[in-house]
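Remember, predicted model here, so these are calculated numbers, not experimental data. This chain uses plain numbering: 1 for the first residue, then up along the sequence.
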Amino acid sequence: MFNEFHHQVRGRGHELDGTRGQDRTQYLSRGGVQAICLADGAGSASHSELGAQVVADEGCAALVEQFEQLVVSVDGGQIKIELLERLLAKVNMLAERHGRDLHDFASTFLGVAVSGDKFLGAHVGDGVIGYLKDGELRVISAPDNSEFANQTTFVTSQGAAGSMRLFRGSLQGVTGFILMSDGAGDSLFNARTRQLAAACAKIIVAVGAAPARLSQNSKHKKQWRKFIDVRVRNATKDDCSIGVLGRSVSP
């Protein structure tokens with residue numbers, strides 16, 4: 001069993017110009033499967049924060065409901081297509097409801113699910129997914145920024161299925177996972193060395209060591225949110241969001 005923590009905060013740039021934050025996170029636990037997802041809305045898209053929330057919500061639902069199928073399937077290409085189609089179906093419904101173009105709701109997608117002794121995840125666009133295994137921080141999926149740092153792939157982009165990174169593996173030796181948007185990555189990921197900051201390991205361990213089923217107002221989650229709201233946020237003008245699954249060590 002894993003404890004979870006997820007949080008998003010509006011960046012200083014959005015605060016200065018009076019616009020809404022565009023990062024969204026979500027967590028879902030059902031039927032012995034736990035999933036945590038994160039989506040970073042495109043800065044150029046007018047309603048991307050709505051798209052990001054739908055993608056994070058539906059991503060969790062898809063990973064939980066289809067976990068067994070996704071873990072055993074030998075056709076990784078088909079998994080990517082079906083997962084993206086499910087996300088896009090929800091974004092399309094949102095676009096129709098608002099009478100807007102699909103690309104007005106563009107966002108990235110990062111998701112990880114765990115159950116039994118297996119994990120799986122998927123990643124479209126920038127941001128980072130990493131884990132702590134055998135005491136070592138490792139990057140599972142690095143940012144997809146094409147040739148330029150400020151360009152990436154969104155779930156609404158043409159060819160998104162082809163650029164999606166899919167990963168599956170054993171939970172043996174795994175202490176936990178961390179997902180972050182590119183804004184949080186400004187503090188927690190070194191783009192030059194492609195390494196995660198040591199603070200990531202501390203966060204994963206702290207989440208796992210905390211009492212299970214913490215309320216949103218628990219002192220632990222308040223401390224973690226403060227770290228994101230102050231330390232991480234002040235290192236960038238972008239929105240900052242993270243999602244963490246830490247293996248529970250509490251009785």
Side-chain angles (χ1 to χ4, degrees), residues 1-2 4 6 24-40 51-94 102 105-134 138-144 146 152-181 204 243-247:
M1 189 70 180
F2 286 75
E4 61 80 21
H6 62 99
R24 295 293 185 271
T25 59
Q26 188 56 274
Y27 167 78
L28 180 64
S29 176
R30 185 191 303 154
V33 183
Q34 297 172 267
I36 195 157
C37 293
L38 183 155
D40 180 354
Q53 189 66 69
V54 163
V55 165
D57 291 348
E58 188 64 16
C60 280
L63 294 179
V64 165
E65 293 167 12
Q66 298 176 248
F67 185 88
E68 294 301 329
Q69 171 193 340
L70 296 175
V71 162
V72 302
S73 175
V74 296
D75 191 343
Q78 188 60 31
I79 288 176
K80 294 177 183 180
I81 291 171
E82 292 178 0
L83 182 55
L84 185 64
E85 286 179 344
R86 179 162 175 171
L87 297 178
L88 282 175
K90 286 293 185 180
V91 180
N92 266 310
M93 290 174 60
L94 183 66
L102 177 72
F105 300 87
S107 80
T108 65
F109 171 65
L110 300 83
V112 171
V114 297
S115 182
D117 63 350
K118 301 291 185 183
F119 73 85
L120 67 88
H123 185 184
V124 176
D126 56 22
V128 182
I129 301 176
Y131 68 168
L132 183 61
K133 182 175 182 180
D134 297 325
R138 308 180 189 183
V139 173
I140 300 176
S141 187
D144 172 16
S146 186
T152 192
T153 305
F154 302 109
V155 295
T156 53
S157 299
Q158 185 174 5
S163 70
M164 177 184 285
R165 283 89 79 201
L166 180 71
F167 46 91
R168 298 174 282 186
S170 167
L171 284 172
Q172 184 174 355
V174 175
T175 303
F177 300 84
I178 186 164
L179 298 71
M180 66 189 74
S181 64
I204 291 170
V244 180
L245 291 176
R247 191 184 290 275

Sequence neighbours excluded - side-chain hydrogen bond (donor to acceptor under 3.5 Å, both in side chains) pairs with any residue from residues 159-173: H123-R165, S141-R165
Donor-acceptor pair, side chain of R247 and main chain of L171, under 3.5 angstrom: yes
K90 atom NZ, neighbour heavy-atom count above 12 within 6.0 Å: no
Y131 side chain near V139 side chain, heavy-atom distance below 4.5 Å: no
E58 side, atom CD; L63 side, atom CG - distance, nearest 0.5 Å: 10.0 Å
Set of ring pair (Phe, Tyr, Trp, His ring centres under 6.0 Å) partners for F154, sequence neighbours left out: none
Donor-acceptor contacts, no H, no angles, side chain residues 30-39, under 3.5 Å, sequence neighbours left out:
residue : atom : partner : partner atom : Å
R30     : NH1  : E65     : OE2          : 3.4
Q34     : OE1  : F2      : N            : 3.1
Q34     : NE2  : F2      : O            : 2.6
Q34     : NE2  : Y27     : OH           : 2.9

Residues forming a side-chain hydrogen bond (donor to acceptor under 3.5 Å, both in side chains) with Q78, sequence neighbours excluded: E82
Flag side-chain contact, heavy atom, 4.5 Å: N92 against F105: no
Test item: T156 side-chain N/O and L102 main-chain N/O as donor-acceptor pair under 3.5 Å: no
Residue pair V155 / L84, side-chain heavy-atom distance below 4.5 Å: yes
Donor-acceptor contact below 3.5 Å, side chain T108 vs main chain D40: yes
Within-4.5 Å side-chain heavy-atom neighbours: M164 and L83: yes
Results of side-chain hydrogen bond (donor to acceptor under 3.5 Å, both in side chains) for S181 - residues two or more places apart only: D23, S241
For T25, all residues meeting side-chain hydrogen bond (donor to acceptor under 3.5 Å, both in side chains), sequence neighbours excluded: H6, Q8
Check: I79 and I81 side chains under 4.5 Å, non-hydrogen atoms: no
